[in-house]
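Contents: one structure, followed by commentary.
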Amino acid sequence: MRRALAAIPLTLAFLPLSSTSAAPPPALVLFDGTPRPGIAVAALAPDSVHPLQGERVDADAGIRAKFPNGAIALARSDGPGGAPALTLRWKDIWKSGILLQGAPQDLRPYLARGTLAFDLKVDALAQGGIMFKVGCGEGCERHVSHVVPGRAAEGQGWRRVVLSMSCFARDGDDFKAVRRPFLLEGTGSGEVAIANVVFSQGGTPNTPCPDWRTVAVTPDMLNESWSISWWLPRHRQKLEDAKRMVAAGRGPQLVFIGDSITEGWGKDGAAVWQQYYARHDAMEFGFGGDRTENVLWRLEHGALDGLAPKVAVLMVGTNNTGRRSDFPAITAAGIARNIDEIKQRLPHTRILLLAIFPRDAAPDGPLRRINDAINARLPALADGRQVFFLDVNRALLRPDGTLSEDIMPDLLHPNAAGYAIWARAMQPELERLMALPPL
């Protein structure tokens, strides 16, 4: 594990100021009742942006066709001490936000030791979540989730949030001309307000954020607004299901571990599961949305305790690629950490590590390229004794490398036909491993 982490670059390179003798730039105030010249305020919807030109803007007309029950409204309001603020209200929508955008802003002077600060008031968030985003160049943005602390702040009035700019900067990011320097994004339903948004060269952070270098190997629950209500109860239910099976003398001989693609064996893949795996008393430990650190948390909190399967099938990592866009080496380190944990808890079980499935329609799609780069690192994790690597992705693709919606309607999750292809492609290697003598 240490070797895997050592391969990750741990130095964040910041561009110096043009002259060491020049006076440091002043704080960059984006909004203090009015936006900075060249910066406009807008309400963000899933597929559109709605400028705030008066006292209020509603995005309902722009979202009604796809989200008939959704609503997004952004209005000017009173902030701390009566200063002007911005209030966002949203309902039943997966993406909304307060967006500050416009003329390019140079954020490089605020990276090394700087902070992003703003006043925040949470009036309703029990059914939603928020995150804070900072642009890092053309087509680039980084975020910090604030779901759990945001819910804890509900009804507590105005609070100053101060985040280190290191929360938003990774190696190679280019902050010299950022057109979308700040976004408060909401999901689900909620009501929040912000005021006094400023980038400073100094300041003392009061709000923690994960270290992007190590988050994929640091065990954590999946604390998304849409997962909090079911994730931990599902984990506990899986523990009970496994205990009952073992108590009945039918310990699973085969387990699948992963994210929503693995969870889908109990949904679109149910008929295929019955055909191929029911005879092994197989269990699936798949949780929608899980990244490597979430699977690791489940493993460390009893997911496999008391079990002794012949084979454990592991596929995880596509959600590291998704919202967070982890570097391939970081996701691969998270996968390696999961393998180490499975080996420790199941020393007599063979592990079949699968390549992450393709996504995006075209071979050169951005998410496909990231997954391909992760997969290129995975064969090195196999030892040919306890850990074996298998890539079945070619079976899921057309000859020209494109991914068909006929087997993955959303270009991410297989349907029943996709699960059948997966099972057929995996079956020879799985049968071979299941037939080997115990370790």
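All values reported here derive from a predicted model rather than from experimental measurement.
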Do Arg377 side-chain atoms and Ala373 backbone N/O form a donor-acceptor pair below 3.5 Å? yes
Tell me whether Asp290 contacts the main-chain N or O of Gly286 through its side chain, where contact means a donor paired with an acceptor under 3.5 Å. no
Residues 64-93 vs disulfide bond (SG atoms under 2.5 Å apart), sequence neighbours excluded, gives none
Verdict with supporting geometry, Ile130 and Leu125, side-chain contact (heavy atoms from CB on, under 4.5 Å): CA-CA 8 Å; Ile130 55 174; Leu125 205 60; 4.0 Å; yes
Salt bridge check: are Glu224 and Arg291 linked by an N-O gap of less than 4.0 Å? yes
Evaluate the side-chain contact (heavy atoms from CB on, under 4.5 Å) criterion for residues Leu403 and Asp360: first the C-alpha distance (whole Å), next the side-chain angles of each, then the deciding distance (0.1 Å), finally the verdict. CA-CA 7 Å; Leu403 182 60; Asp360 290 336; over 6 Å; no
Main-chain N/O of Leu222 paired to Ser227 side chain as donor or acceptor, under 3.5 Å: yes
So do Leu116 and Val197 actually touch side chain to side chain, heavy atoms under 4.5 Å? yes
Please indicate whether Glu191 has more than 12 foreign heavy atoms, meaning atoms of other residues, nucleotides or ligands, lying under 6.0 Å from its CD. yes
When you compare the side chains of Gln105 and Arg179, does any donor N or O come within less than 3.5 Å of an acceptor on the partner? no
Counting distance only, does the side-chain N/O of Asp60 pair as donor-acceptor with the main-chain N or O of Ile72 below 3.5 Å? yes
Are a donor atom and an acceptor atom from the side chains of Ser145 and Asn223 found within less than 3.5 Å of each other? no
Does atom CZ (Arg160) have a neighbourhood of more than 12 heavy atoms from anything else shown, all under 6.0 Å? yes
May I ask you to check whether Trp273 and Phe256 place their ring centers less than 6.0 Å from one another? yes
Please step through ring pair (Phe, Tyr, Trp, His ring centres under 6.0 Å) for the pair Phe285 and Trp265, ending with a clear verdict. CA-CA 10 Å; Phe285 295 90; Trp265 281 120; over 10 Å; no
Measuring from Arg298:CZ to Leu232:CG, what's the distance to the nearest 0.5 Å? 11.5 Å
Would a distance-only check, ignoring hydrogens and angles, find a side-chain to backbone donor-acceptor pair under 3.5 Å from Arg36 to Phe31? no
Checking side-chain contact (heavy atoms from CB on, under 4.5 Å) against Glu293, which of Thr214, Asn320, Asn338, Val217 comes through? Asn320
Within the structure provided, determine whether Asp268 and Pro414 are in side-chain contact (heavy-atom separation under 4.5 Å). no
Ignoring hydrogens and geometry, is there a side-chain-to-backbone donor-acceptor pair from Thr292 to Ala216 under 3.5 Å? yes
Donor-acceptor contact below 3.5 Å, side chain Thr115 vs main chain Gly202: yes
Pair Ser48, His50: side-chain N/O donor-acceptor within cut-off below 3.5 Å: yes
Under the ring-ring contact (aromatic ring centres under 6.0 Å, His included) test, which residues partner Phe132, sequence neighbours left out? Phe118, His146
Is the distance between the ring centroids of Phe357 and Trp422 less than 6.0 Å? yes
Sequence neighbours left out, what pairs pass salt bridge (Lys or Arg N to Asp or Glu O under 4.0 Å) with at least one residue falling in residues 136-154? Lys133-Glu141, Arg142-Asp173
Min side-chain heavy-atom separation Leu44-Arg180 under 4.5 Å: yes
Taking Asp406's backbone N and O only, do any of them form a donor-acceptor pair with Asn415's side chain (distance below 3.5 Å, no angle check)? yes
Does a side-chain heavy-atom distance below 4.5 Å link Ser404 with Arg398? yes
Is the shortest heavy-atom distance from the side chain of Ile342 to the side chain of Ile257 under 4.5 Å? yes
Can you name the residues that form a side-chain contact (heavy atoms from CB on, under 4.5 Å) with Ala73, not counting sequence neighbours? Arg56, Asp58
Do Pro358 and Leu396 have side chains that get closer than 4.5 Å, going by heavy atoms? yes
Just so I know, are the side chains of Met221 and Asn294 near enough to count as touching, which here means a heavy-atom distance under 4.5 Å? no
Main-chain N/O of Ile356 paired with Asn393 side-chain donor or acceptor, under 3.5 Å: yes
For a 4.5 angstrom cut-off between non-hydrogen side-chain atoms, does Phe327 reach Trp212? yes
Treating Glu185 as the side-chain partner and Leu183 as the backbone partner, does any N or O pair qualify as donor plus acceptor under 3.5 Å? no
Run the side-chain hydrogen bond (donor to acceptor under 3.5 Å, both in side chains) test against Arg159 and tell me which residues pass, sequence neighbours left out. none
Test: Asp383 and Arg385 ion pair at under 4.0 Å: no
Would you please indicate if the ring centroids of Trp231 and Trp226 are separated by under 6.0 Å? no
Does anything in residues 364-399 form a ring-ring contact (aromatic ring centres under 6.0 Å, His included)? List the pairs, not counting sequence neighbours. none
